[in-house]
Amino acid sequence: MPTHRIAPSLLSANFSRLGEEVHAVVSAGADLIHFDVMDNHYVPNLTFGPMVLESIRPLTDVPLDVHLMVKPVDRIIPDFARAGANIISFHPEASEHVDRTLSLIRENGCMAGLVFNPATPLNWLDHVMDKVDLVLIMSVNPGFGGQSFIPQSLVKIREARAKIALTGRPIWLEVDGGIKPENISAVSLAGADTFVAGSAIFDSGNYLTAITSMRAALVGK
Ligand code: DX5
Ligand code: ZN
């Protein structure tokens, strides 16, 4: 696994050919597959659940990175773990007991991630950092692909990187929303190591070119 990871988001894939899309981004160099779960309750959109994850699990060894935009969170976590998730991240506002949810994800054998909306403060991390394996900074408001990167996110990415550095642990710092070959360098300079990209890859017409140009722009890869 490289130190910088590119995670195509299936949200922008062609759902009528999901398996082929997974194969295509994996052959184009995807390090992770980002799987956006939306419930039309926590976010105003509806996507897919554990059964769809289970159907793509046999297609690849690439880790499956599940981004839960659902409320409540806890009941569905074991289902995603059983379906083959490797990473499960959730929004702290969507859980009644953030510490318990983080433990539950790890007990189910997955890396545990906490996701920060643009207006969500990083101090949710303060008392649970030892239970976090990944911090995911949203650089758009969650719910839809194809939105523009919010520049203020760069400040937050730097702050998150500083908090992670204090732990001395290899916590991943992922950024999600509006990532493109043109801005990925600034995002990596701010301290991110894992980059979700949906429309920039799936709407590009050439997945290999899109992923390769993102990787080429990464700083310190
Ligand atoms: C938004 C999702 C993102 C989305 C990113 O709620 O969490 O993962 O797919 O799409 P782009 O890269 O098009 O902004
Ligand atoms: Zn996402």
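Every number for a ligand or one of its atoms is a count from 1 in the order of the listing.
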**OP:** Verify side chain to side chain donor-acceptor pair (under 3.5 Å) between Asp36 and His34, making sure each step is shown before the conclusion.
**Re:** CA-CA 6 Å; Asp36 285 306; His34 187 79; 2.9 Å; yes

Write down the atom of [X], the atom of [Y], and the distance for their closest heavy-atom approach.
{"X": "Ile87", "Y": "Leu32", "result": "CD1-CD2, 4.3 Å"}
{"X": "Ile179", "Y": "Met214", "result": "O-CE, 4.0 Å"}
{"X": "Gln147", "Y": "Asn141", "result": "NE2-O, 2.8 Å"}

**OP:** For Arg169, look at atom CZ and say whether over 12 heavy atoms of other residues, nucleotides or ligands are found less than 6.0 Å away.
**Re:** yes

Original post:
Is atom CG of Asp61 surrounded by more than 12 heavy atoms (other residues, nucleotides or ligands) closer than 6.0 Å?
Top reply: no

Original post:
Do Ile77 and Met69 belong together in a cluster built from hydrophobic side chains that touch within less than 4.5 Å?
Top reply: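 In one cluster with Ile77: Met69, no.
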
**OP:** For Asn14 and Ser16, run side chain to side chain donor-acceptor pair (under 3.5 Å): C-alpha distance rounded to whole Å, both residues' side-chain angles, the deciding distance at 0.1 Å, then the answer.
**Re:** CA-CA 5 Å; Asn14 182 335; Ser16 72; 2.7 Å; yes

Which atoms from ligand 1 have a heavy atom of [X] less than 4.0 Å away?
{"X": "Met38", "answer": "6 (O)"}
{"X": "Ala197", "answer": "12 (O)"}
{"X": "Val196", "answer": "8 (O)"}
{"X": "His34", "answer": "8 (O)"}
{"X": "Gly177", "answer": "14 (O)"}
{"X": "His67", "answer": "7 (O)"}
{"X": "Met138", "answer": "7 (O)"}

Check if [X] has a non-hydrogen atom at a distance under 4.0 Å from any atom of ligand 1.
{"X": "Lys180", "value": "no"}
{"X": "Ala200", "value": "no"}
{"X": "Phe149", "value": "no"}

Subject >> His127 side chain to Asp99 side chain, donor-acceptor N/O pair below 3.5 angstrom >> reply: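 No, because no side-chain N or O of His127 sits under 3.5 Å from a partner of the opposite role on Asp99.
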
Subject >> Which segment of Pro142 sits under 4.0 Å of ligand 1 when only heavy atoms are counted >> reply: both

Subject >> Option of least heavy-atom distance to atom 9 (O) of ligand 1 (set: Gly198, Pro8, Ser9) >> reply: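 Answer by nearest heavy atom: Ser9.
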
Consider every N or O of [X] and every N or O of ligand 1, then say whether any pair is closer than 3.5 Å.
{"X": "Ser12", "result": "no"}
{"X": "Gly178", "result": "yes"}
{"X": "Asp36", "result": "yes"}
{"X": "Gly146", "result": "yes"}
{"X": "Gly143", "result": "yes"}

Original post:
Are Phe35 and His67 close enough that their ring centres sit under 6.0 Å apart?
Top reply: no

Subject >> Reference residue Arg5; test side chain to side chain donor-acceptor pair (under 3.5 Å); the match among Thr194, Asp31, Asp65 >> reply: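 Option passing the side chain to side chain donor-acceptor pair (under 3.5 Å) with Arg5: Thr194.
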
Side chain [X], main chain [Y], donor-acceptor under 3.5 Å:
{"X": "Ser139", "Y": "Gly177", "answer": "yes"}
{"X": "Arg57", "Y": "Gly84", "answer": "yes"}
{"X": "Ser12", "Y": "Ser199", "answer": "yes"}

Can you tell me the protein heavy atom closest to [atom] and the distance?
{"atom": "atom 10 (O) of ligand 1", "result": "Gly145 CA, 3.6 Å"}
{"atom": "atom 13 (O) of ligand 1", "result": "Ser199 OG, 2.5 Å"}
{"atom": "atom 1 (C) of ligand 1", "result": "Phe144 O, 3.5 Å"}
{"atom": "atom 3 (C) of ligand 1", "result": "Asp176 OD1, 2.9 Å"}

Original post:
At the Zn ion (ligand 2), what angle lies between atom OD1 of Asp36 and atom NE2 of His34, rounded to 10 degrees?
Top reply: 90°

Original post:
Taking the N/O/S atoms of Asp176 one by one, which is nearest to the Zn ion (ligand 2)?
Top reply: OD2

Subject >> Name of the His67 atom (N/O/S only) found closest to the Zn ion (ligand 2) >> reply: ND1

